Structure formats: structure tokens, C-alpha cells
Amino acid sequence: MASVAGGTPKARARRAPAVQPFADVRADFPVLQREINGHSLVYLDSAASAQKPRQVIETMERFYSYSYGTVHRGVYELGREATEQFEGARERIASFVGWDPACSIFTRNATEAINLVAYAWGRDNIGAGDEVLITEMEHHSNIVPWQLLCEETGARLRYLSVIDSGELSLDELDEVLAEGRVKLVAVAHVSNVLGTINPVGEIVKRARAAGAVTLVDGAQAVPQMPVDLGAIDADFYAWTGHKALGPATGLLHGRRELLQEMRPFLGGGHMISRVERDHSTWNELPWKFEAGTNAIAEAIGLGAAIDYLARIGMDRVREHERELAAYALERLPEVEGLTLYGPDGADGRGGVVPFTIEGMHPHDIAELCDREAVCVRAGHHCAQPLMRCLGVGATARASFHVYNVREDVDRLVHALGAAREVFEL
Amino acid sequence: MTDALYRDYILDHYKNPRNFGELQPHDLEFHDHNPLCGDELGVHIVVEDGKVAGLRFHGHGCAISQATASITSEELVGMPVEEVSRLGADWVIEQLGIEISPTRRKCALLSLKVMRGATTGDPSWPE
């Protein structure tokens, strides 16, 4: 594989040979060389946070070693290089999802991106009697900011239900919108627990027709499938780099008119145009929303992660995720007492498979899988309202990325069998 | 098969928990959860002559949290309430008789947390 340098994904694709899926990408992930408890590592928790290829690690190391300076300040060479790399990363990241770089704001993570909207847009546009509509399958990061906003403004928080198929009902959406009080619809693009791929383009269209602003939480979507924000056309779209093979830095993409009208989120350096003793004016987009020194190396590292994914091709990443999910859905039921959750089949779901085993708590499942170096997540996955809908306190969850192979699913199935033996089930 | 964590007696207490259910009427009660995994545990306590005359845990959780509640419940019945309020994390770990990693510590301490909540009103994690 060619090393990562600058350039747009398109230009790179012409220069570098495409990465073959997917056994050969495994060599790019140093962590996969580790052995734990005498077993080679099987990492099945990418929906929580993905592992990093050496191209990302080396890009950040190179930047810290030879080009580090703060951005938009220094007139010296290092400052220029840092600014060029940082803003270059922003441009490639924005182009990767099909959005205007000036309306693509670096945040700490997806959670901060959503809070930015709740604070800077919500407090001036949501009032008593208004409704904020979210869904039962949201991550806490797309619930709690709206709870805080509703508490403060007297607005009402409503939930679209998750129906038995693990999907949302567009009919219910229409019914709620028809009541005429919904000011904001905030919905996950892909559920972090069920894996459901929601029809966000359609949801945005219907919400906009009803006069509501839309926010899509794309934390689970951008890392694993082609995402075209121009086509989805949401007013706000939030995601995070650390699930997309990059470091922990988030993105908020917003509609220009809204971002221009909004008051700033955090005040401080860099986000101002001029500071008087009693008031200030704001910097242009996107910097108006980037107070203080950015996570510069992280942004540049995410640029490298995006280049890496673009070189593989997101269509192929999606197909890989679909195939692994399908294989897991086929093999996991071999484990006695195992219940799967989420949509039927792999076509309508991302690379995530939640499950429980009768007689064994998910925490214990994960602990025993770890004995065989199989990393799965256990718990409520920051989605407690969804857990209550499913009628469970917690689930175990296996999730995939480019470095996973079918043998990883085999290892999981083996570890679950061994766990059942320990529990004498 | 012998596992360092999931010993036979741990699994026995998990599968057949002692002193589980509700206790009506009761004098003291407390309910709490482990924010990491969402596990929930509540306790009902009947007090006679300043002692724990009876108690029942209820809720759901992993083998470690459920077995700890069950194992310690047998020690707690008959104990002066004032003594319960002075119990700490070390006492729980000793009762369990296994090594508990930092990631499972809260699982092991949840039952003492609710016992102390019921007897002292202090909802903090035992140290």
C-alpha cells in the first residue's frame, strides 16, 4: 500500500492502487499483531471506537515531529505548514461526505457537535409549546442535549418508536409531524445498537415539508458506508473521527444560512473578528464555532484516515460490513440460548450485531470472550431507552470494520461456546 | 472446569441467589444502579433490636454483582445496622474470595452500596 500524502481522495485514487478487501489491510493495523492471553487479537468493538492504521499514526507522528505549530497564527514556516495541513484535512473530509468545508466545523466529538446545535441553534429557536422529536434508538448523545434544551425552554421531547423489525415507522413520523408542533427532528443515521440504517433522506424531506429543522447523528454511518450529505440534505449532520479509523475529533456539517444566523457556541480566541471591552464580533465560518486552539494533529490524522478509507472505497467498505454482518447473523444462532436483535438480515443494517445469551449476563459474556482475546462490548451501549424497549438491561454487541475477517466471527462463536461451558449452561 | 473468576460457588450464588426477592413490609429500602452497565439492585431490610433481622435483594445484573449480593446477604442477616454502615470495599472483596479487576469492581460493590444507602442514606460508592 502506498503511503499517505496530501491530495484529494480522487487524485489519490488515480495515483495509488486500490486496496484489495480485506485481508491485506490487516497488515496496516499494528494492534492486530498483539496477542492477549495467548491468543491473537480479535477486535469486534469498532462501533465503540475503531483501531487505527499505521498511515494515520505515522501522519500524526510526522506532523508532531516535523511540522507542528498552531494554526491561523504564526507567520513562520511551521505555522504555515500546520495551517495548510489542517485546512487541507478539513477540505478532504468535507469532500469525502459531500459538503462545503466552510460549513464543516471541527468539534471534540459527535456529542459536542450535537450539543453545539442544541445550545447555539436550540436556545434561540425552540420555545415553550414546541416539540423536539427524536427516536427510541438514539444514543445518549442524541437524547440528553435535547432533554437539557427542553428542560430549559419548556419544549416537549417526543420519541418515535422502534417497531418490531428494529426500524422506525415513517407513518408515525407523518402523524407526529402533522400535529404541527415539531421544530426539530434529530435521528441516528445508523443505530449503534441495532445497526438499523434509517432512511434519513426521506425523514429529512418529510420533516422539512412540515417546517422542522433536522439533525442527523452520523457517528455510525460515515465510518462504514458511502454518505452523501448533499443527497441527505439535513440541516445538521454530526459524526466523529475515532470510529472512522481516525483520532477522536468530531465534525458538524451545517446549512450555511443557519450557521450564519446562529450565535456562537463557545467564546474565546480564534472565534472572534474583533473584541471590544463590552462586546465582540465573530469570525467567519467555520471558525466562528471553533473557539480556542484546535485539536490540530487529530484533524490532520482524520484527514489521513479519510484518505485511507477513500482509497479502499466506501462502497467496498459497506459491502464488507454487510457480508460480515450476514455471516455473524448466520453463525451466531448456532450458540444455544442466543437471541439476536435488530433488523432481519444484513441488507438494512450496518456492521453491528447485538445479542444476549440466556442465563449469562452480557458483562460476563464479554469477560469470558476476553479470555480468548475476543473484544466485544457489553452493556447498555449508551442507549438505555432502547434497552428498555427491547426489554433487556444490557446486550453484548459485536461490530466490524475493514480489518475484520470471517474467522473473527468463528472465533467469537467459539468463545461463546467456551463461555457457556464455564457457566455450565 | 475451574475458572479463576467464575468459581463454582460464585456460579451457584448467581444461579440460586439467597435472600432474593421483596420483603413486605420492610423498615429500610434503597435502589441503585451501576451507570457503566445499567445493572440495577434494590434492597428491602427489616430491622429488629437494631439488627438486620431480614433482607431481600432484587434487580438484575452480572454474575459478579448478583453473586456478591447473595454471598454477603448471608453475613448481613443478624448484623447490627450500625456495623453495616461501617463496612467497606475490602470486606466485600474478602467475602467474595476472588480477585476482582478494576473493570469489575463496581459490579462487586453495588450490593454494599445499596445496603449502605438503606442504612445510612449515603449513596456514594464504598471505598
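Since the structure is predicted, the reported quantities are computational estimates derived from the model, not experimental observations. Heavy-atom basis, side chains included; hydrogens, waters and symmetry copies ignored. In what follows, chains carry the letters A, B, and so on, assigned in the order in which the sequence lines appear, proteins first and then strands, with residues in each chain numbered from 1.
- Judged purely by atom type and a 3.5 angstrom limit, K15(B) has no side-chain atom pairing as donor or acceptor with the backbone of G359(A).
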Given the rule in the side chain to side chain contact (heavy atoms under 4.5 Å, CB included) test, do R371(A) and L5(B) qualify, once you have shown the distances and angles that lead to the verdict? CA-CA 11 Å; R371(A) 305 278 168 85; L5(B) 182 63; 3.5 Å; yes
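- Atom NE2 of residue H60(B) and atom NE2 of residue H361(A) lie 7.0 Å apart, to the nearest 0.5 angstrom.
- Within the 3.5 Å criterion, the main-chain N or O of P35(B) finds a donor-acceptor partner in the side chain of H380(A).
- The local environment of NE2 in H58(B) is crowded, with over 12 non-hydrogen atoms from other residues, nucleotides or ligands closer than 6.0 Å.
- For CD of E336(A), the number of neighbouring non-hydrogen atoms (other residues, nucleotides, ligands) closer than 6.0 Å is 12 at most.
- In this structure, Y119(A) places its OH atom where only 12 or fewer heavy-atom neighbours from other residues, nucleotides or ligands lie under 6.0 Å away.
- Counting heavy-atom neighbours within 6.0 Å of D49(B) CG, excluding the residue itself, gives a total of 12 or less.
- For a residue to count as touching a neighbouring chain, one of its non-hydrogen atoms must lie under 4.5 Å from one of that chain's; by this rule M360(A) touches chain B with the backbone only.
- Residues V422(A) and L11(B) come closest through the heavy atom pair O-CD1, 3.1 Å.
- Within 6.0 Å of the CD atom in E334(A), the count of heavy atoms belonging to other residues, nucleotides or ligands exceeds 12.
- For R331(A), the CZ atom is densely surrounded, since the number of other residues' heavy atoms within 6.0 Å is greater than 12.
- Counting heavy atoms from C-beta outward, D12(B) and E424(A) have side chains that stay 4.5 Å or more apart.
- Atom SG of C107(B) and atom CD of E367(A) lie 8.5 Å apart (nearest 0.5 Å).
- Around CD of E99(B), the count of heavy atoms belonging to other residues, nucleotides or ligands within 6.0 Å does not exceed 12.
- Contact of D39(B) with chain A is made through the side chain alone, with heavy-atom distances under 4.5 Å.
- The main-chain N or O of C62(B) is never found under 3.5 Å from a side-chain atom of D364(A) such that the two would form a donor-acceptor pair.
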